[in-house]
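Each chain gets a letter, A, B and so on, in the order its sequence line appears, and its residues count up from 1.
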Number of protein chains: 2
Amino acid sequence: MLNRVGDKWSMQVIVVLRDQPRRFNDLRRQVNGISQQMLTRTLKVLERDGLVERTVRTTSPPQVDYALTPFGHSLSEPVRELAIWALANLDTLYDNRLRYDANNEANDDTNQA
Amino acid sequence: MLNRVGDKWSMQVIVVLRDQPRRFNDLRRQVNGISQQMLTRTLKVLERDGLVERTVRTTSPPQVDYALTPFGHSLSEPVRELAIWALANLDTLYDNRLRYDANNEANDDTNQA
DNA sequence: CAGAATCCCGCAGGATACTG
DNA sequence: CAGTATCCTGCGGGATTCTG
């Protein structure tokens with residue numbers, strides 16, 4: 001259940017769409033390192049789940065807008081909390097990692113090298 | 001960044017540990033369908049990141065307790081929000097899915113079968 | 001009980017090329 | 001611009017066996 005809701009790309013897309021509707025390539029640029037295919041897939045799933053609404057404008061060149069539905073917005077709240085936490089604490093987390101690794105390399109050296 | 005924090009098993013482990021410290025196999029039973037290996041891996045990463053603390057009691061049979069650190073508890077808040085949303089809205093989400101699929105199968109049939 | 005080690009498979013996910 | 005189709009790879013993650 002947290003699987004569905006909390007997968008790698010979906011959360012990032014939701015965070016970006018929270019601010020405003022976006023077009024495809026616009027979205028692509030906003031979401032860090034997502035490939036074109038994964039964005040397509042992710043959006044399709046989000047649409048299927050009723051979290052995102054797809055609006056096609058038959059101009060030339062074609063233009064497609066993606067926006068959060070009300071349902072999507074309700075999800076964006078807790079997701080945003082998570083994102084905020086991540087932003088605020090990710091450096092702490094990496095520091096912890098470094099200290100942990102430093103300790104363990106020391107121990108490994110005792111046995112290995 | 002949401003990657004690290006929001007992966008499949010970590011979030012579930014954090015949710016479970018939020019209530020109380022747990023022993024290995026206890027944890028294994030609480031976290032839905034996790035394998036022994038994935039629990040081991042997940043816990044190691046969480047410990048490395050300073051989110052979970054591992055306490056070994058050298059009894060026989062050995063006993064190991066896992067508990068959230070204060071850092072881990074701070075993360076557990078937003079994660080909990082997400083879990084609550086999921087619990088409350090997952091059926092809606094699946095309903096959306098069914099309706100979406102119903103529509104598209106109809107369209108596909110028009111072209112395919 | 002709490003892991004480590006090994007084997008193995010599927011699919012998430014990237015790169016590239018083509019289309020309307 | 002907004003996709004679809006195809007090919008290919010890595011690794012997420014399960015099952016099983018062994019140890020202290």
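- Side-chain atoms of A:Thr69 come within 3.5 Å of backbone N or O of A:Gly50 as a donor-acceptor pair.
- Protein chain B contacts DNA chain D over a range whose 5' and 3' limits, counting nucleotides with an atom under 4.0 angstrom from a non-hydrogen atom, are D:dG13 to D:dG20.
- When all heavy atoms of B:Val5 and B:Met11 are compared, the closest pair comes out as O-CG, 3.5 Å.
- For the helix from C:dC1-D:dG20 to C:dG20-D:dC1, the axis fitted to the five pairs at one end and the axis fitted to the five pairs at the other end meet at an angle of 50° (nearest 10 degrees).
- The structure places OH of B:Tyr66 at 14.0 Å from CG of B:Leu51, a figure rounded to the nearest 0.5 Å.
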Less than 3.5 Å apart, which donor and acceptor atoms pair up between the side chains of residues 57-64 of chain B and the rest of the protein, not counting sequence neighbours?
residue	atom	partner	partner atom	Å
B:Arg57	NE	B:Asp65	OD2	3.3
B:Arg57	NH2	B:Asp65	OD2	2.7
B:Thr59	OG1	B:Pro61	O	2.8

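- There is a path of hydrophobic side-chain contacts, each under 4.5 Å, that joins B:Leu17 to B:Val56.
- In terms of polar N and O atoms assigned as donor or acceptor, the side chain of A:Gln37 never comes within less than 3.5 Å of the base of C:dG13 in a complementary pairing.
- Within residues 42-58 of chain A, the residues having any heavy atom under 4.0 Å from DNA chain D are, by residue number, A:Lys44, A:Arg54.
- Between A:Asp7 atom CG and C:dC11 atom P the separation is 16 Å, expressed in whole Å.
- Of the candidates C:dG14, C:dT6, C:dA2, the closest approach to any side-chain atom of A:Arg41 belongs to C:dG14.
- Look at B:Tyr66 and you'll find a side-chain N or O under 4.0 angstrom from OP1 or OP2 of C:dG3.
- For the atom pair CZ (A:Arg18) and CD (A:Glu77), the distance works out to 4.5 Å, reported to the nearest 0.5 Å.
- Using a 4.0 Å cutoff on non-hydrogen atoms, the parts of residues 18-30 of chain B near DNA chain C are B:Arg23, B:Phe24, B:Asn25, ordered by number.
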When you compare the protein's N or O atoms with those of nucleotides 18-20 of chain C, which come within less than 3.5 Å of each other, and at what distance?
none

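- Side chain of A:Ser10 to main chain of A:Asp7: no donor-acceptor pair is present (N/O by atom type, distance under 3.5 Å, no hydrogens or angles).
- For A:Asp95, the CG atom sits in a packed shell: over 12 heavy atoms of surrounding residues, nucleotides or ligands are nearer than 6.0 Å.
- Screening B:Asn25, B:Val13, B:Val16, B:Asp19 for a side-chain contact (heavy atoms from CB on, under 4.5 Å) involving B:Gln30 leaves a single residue, B:Val16.
- Linking ILVMFWY side-chain heavy atoms closer than 4.5 Å, directly or via other members, places B:Leu75 and B:Val45 in two distinct hydrophobic clusters.
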